[in-house]
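Note that the structure is predicted; figures quoted are calculated from it, not measured. For reference, positions follow the sequence shown, starting with 1.
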Amino acid sequence: MAPSTPPLKSTLPPLLLGTATFNTQYVPDPHSLPYRSIVARALSLGVRGFDTSPYYGPSEILLGDALHTLFTSETNPLPREDVFIVTKAGRIAGDEFDYSPSWVRYSIYRSLQRLHTDYLDLVYMHDVEFVSPAEVLGAVKELRRLRDEEGLIRYVGISGFPVKVLAELAEMVLRETGEPLDAVLSYGHFTVQNRLLSVEEYVSDKEKEESSVLKRFKKAGVEVILNASMLGMGLLTQKGIPPNPESKESPLVKWHPSPPELRIACKKLGELAAAKGERLESVAIRWALEEWARVGAEAEVGVDAEPGSPLKVGATVCGVSSIPELEETVTEWNDVLEGLKKVAAAGGKADGRVYGTERQEKILKLVEDEMWPALGEWIDFAWASPGDGYVNTRRPEDKGRVPDDGVIAAHEERIKHKQ
């Protein structure tokens, strides 16, 4: 964090719209999504944070187009400071990464142009487990240089899948630079199926309590931990992911790293939800929203529930591909906030069993009494990342080599016009 920048926990919205779904990994044609309407509706519902990445296909371009339309509205232009824009750098393709300073710099310039903004509120190095710690350190330093010398970034963080690796890297950054990371984005590790971001909350095990990754993040000075992929990247839905790798039913079949047995186990959770008159995605979203709101706050890695509010909550990134999905998530989130406010007003503490709404009690009972036992050996299972046989397809001689596509020239021209 730059010296003149306010604490991230006071500026980061508690709920962000993730746009990884504006991508062919989730939908056949992202350009056909009502992305402008989704972004506009999010803002009208009070969601003012947006998370994207150049790795997510056309996501940055689509989000940028939607925001630009709002920024330049003739009747009611959206002030840039009213939105919080988050993107990432370093991941180019599935098995291709470039964390060199030259590529990081190029990636940031390109993101600024795609997102139609002069600065980025928060930038993560994307999926840090796929490169060496030295590469992560060098990339974080370059992001901080872009923050301090060029004023293009406000906060710097890392994202990734294995939470222990994230904790190790957060500790390394503090040790080597004397400055902690502002934020860490963890995905898929605080869900109905996988609770490893804070498993000590749910399992009575002294060894797990002592190795708590949340305590390690806090000790490493990380200000905010965000939770993403509440549905396990599509695993925890009523439809699920077909276990047959040859299935044509879902685009997730080809790339989702979950083993067939886990897909089958999660499909059974959908049956349990249906028996209670619920959809699995509704249960999974509600459980993750409220539990992370509580756990993140108690671990002191949360954010202001509302601007200037004394109530702290764990921050969440939610991905949607339709307005009804967005509205459902925001409705659940608003109910979560109302419940937590009631508990706080009564002088209580949401400590795992004291909640402000009957719905949360229903969800907790369903998840803890039925879904977790049904998962059996698949509870808290996390697939390896990177997987066996992974090799970075970016050749060493190509690292730092950026395309001559006009991005850097356009950035330099932009700087000239500002002077």
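To the nearest 0.5 Å, atoms CG (Leu226) and CG (Leu8) are separated by 7.5 Å. To the nearest 0.5 Å, atoms CG (Asp98) and CG (Asn392) are separated by 8.0 Å. In this structure, the separation between CG on Asp82 and CG on Leu43 is 8.5 Å, given to the nearest 0.5 Å. Taken to the nearest 0.5 Å, the CD1 atom of Ile153 stands 4.0 Å off from the CD1 atom of Ile108. Annotation: the span from Glu60 atom CD to Ile85 atom CD1 amounts to 10.0 Å, rounded to 0.5 Å. One distance of note links NZ of Lys341 with OG of Ser309; it measures 7.0 Å at 0.5 Å rounding.
For Ser44 and Arg41, the side-chain atoms include at least one donor-acceptor pair closer than 3.5 Å. Residues Glu291 and Tyr202 have side chains that bring a donor and an acceptor to within less than 3.5 angstrom of each other.
Looking at Leu214 and Val295, their side chains come closer than 4.5 Å, going by heavy atoms from C-beta outward. Tyr109 has its side chain within reach of Leu152: a pair of non-hydrogen atoms, C-beta onward, lies under 4.5 Å apart. The shortest side-chain heavy-atom distance between Trp378 and Cys266 does not fall under the 4.5 Å cut-off. Contact check for Ile38 versus Leu17: side-chain heavy atoms found under the 4.5 Å cut-off. At a threshold of 4.5 Å between non-hydrogen side-chain atoms, the residues Pro54 and Thr87 count as touching. Using a 4.5 Å cut-off on side-chain heavy atoms (C-beta onward), Val83 and Arg80 make contact. Between Thr316 and Phe190, every side-chain heavy-atom pair lies at or beyond the 4.5 Å cut-off. Looking only at side-chain heavy atoms (C-beta outward), Ile415 and His411 come within less than 4.5 Å of each other.
In terms of heavy-atom proximity, Phe50 sits nearest to Ala42 at CE2-CB, 4.2 Å. Of all heavy-atom pairs between Leu166 and Ser159, the closest is CD2-C, 3.7 Å. For Tyr119 against Gly151, the heavy-atom pair with the smallest separation is CB-O, 4.0 Å. Here the closest heavy-atom approach between residue Phe97 and residue Asp127 is recorded as CE2-O, 3.8 Å. Taking all atoms of both residues into account, the shortest heavy-atom contact from Ser247 to Val253 is O-CG1, 3.8 Å. When all heavy atoms of His189 and Ala382 are compared, the closest pair comes out as NE2-CB, 3.7 Å.
Salt-bridge formation is not detected for the pair Asp148/Lys141: no Lys NZ or Arg NE/NH1/NH2 atom is positioned less than 4.0 Å from an Asp or Glu carboxylate oxygen. Between Glu278 and Lys276, none of the side-chain N atoms (NZ, or NE/NH1/NH2) sits under 4.0 Å from a carboxylate O, so this pair counts as no salt bridge. Lys268 has no carboxylate O lying under 4.0 Å from a charged side-chain N of Glu271, or vice versa, which leaves the two without a salt bridge. Note on Arg147 versus Glu179: salt bridge recorded, some NZ/NE/NH1/NH2 to OD/OE distance being below 4.0 Å. Between Asp380 and Arg195 a salt bridge is recorded (basic side-chain N to carboxylate O distance below 4.0 Å). Under the 4.0 Å criterion applied to side-chain N and carboxylate O atoms, Lys9 and Glu300 are not assigned as salt-bridge partners. Taking the charged nitrogens against the carboxylate oxygens, Arg105 and Glu150 have no contact shorter than 4.0 Å, which rules out a salt bridge. For the pair Arg154 and Asp182, the salt-bridge criterion is not met [side-chain N within less than 4.0 Å of a carboxylate O].
Residue His126 forms a ring pair (Phe, Tyr, Trp, His ring centres under 6.0 Å) with just one option from Tyr187, Tyr99, Tyr55, and that option is Tyr55. A salt bridge (charged side-chain N to carboxylate O under 4.0 Å, His left out) with Glu96 holds for exactly one of Lys399, Arg394, Arg91; it is Arg394. For the pairing with Leu235, the side-chain contact (heavy atoms from CB on, under 4.5 Å) check across Thr191, Leu262, Asn194 returns one residue only, Leu262. Test Leu185, Val222, Val184 against Ile158 for side-chain contact (heavy atoms from CB on, under 4.5 Å) and you get one pass: Val184. Checked against Asp335 for a side-chain hydrogen bond (donor to acceptor under 3.5 Å, both in side chains), the options Gln360, Arg359, Arg286 give a single hit: Arg286.
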>> side-chain hydrogen bond (donor to acceptor under 3.5 Å, both in side chains) for Glu332 and Ser282? Distances and angles first, verdict last.
In response: CA-CA 8 Å; Glu332 294 284 8; Ser282 298; 5.2 Å; no

Q | From CA spacing to verdict: salt bridge (charged side-chain N to carboxylate O under 4.0 Å, His left out), Asp65, Arg36 | A | CA-CA 8 Å; Asp65 177 64; Arg36 291 192 190 95; 2.8 Å; yes

Candidate pair Lys418 and Asp118, rule salt bridge (charged side-chain N to carboxylate O under 4.0 Å, His left out), full reasoning: CA-CA 11 Å; Lys418 279 187 170 184; Asp118 292 331; 3.7 Å; yes

Might you work through the side-chain contact (heavy atoms from CB on, under 4.5 Å) test for Asp95 and Val391, ending with a clear yes or no?
CA-CA 7 Å; Asp95 288 337; Val391 175; over 6 Å; no

### Query
Between Ser212 and Phe217, is a side-chain contact (heavy atoms from CB on, under 4.5 Å) present by the stated rule, with each step listed?
CA-CA 9 Å; Ser212 165; Phe217 283 131; over 6 Å; no

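A parallel orientation is assigned to the rings of His68 and His116, their planes being inclined by less than 30° (bins at 30° and 60°). Ring orientation note: the planes of Phe161 and Trp383 are close to parallel, at an angle under 30° on the 30°/60° scale.
Counting heavy-atom neighbours within 6.0 Å of Asp404 CG, excluding the residue itself, gives a total of 12 or less.
A centroid separation of less than 6.0 Å is found between the aromatic rings of Trp255 and Tyr26.
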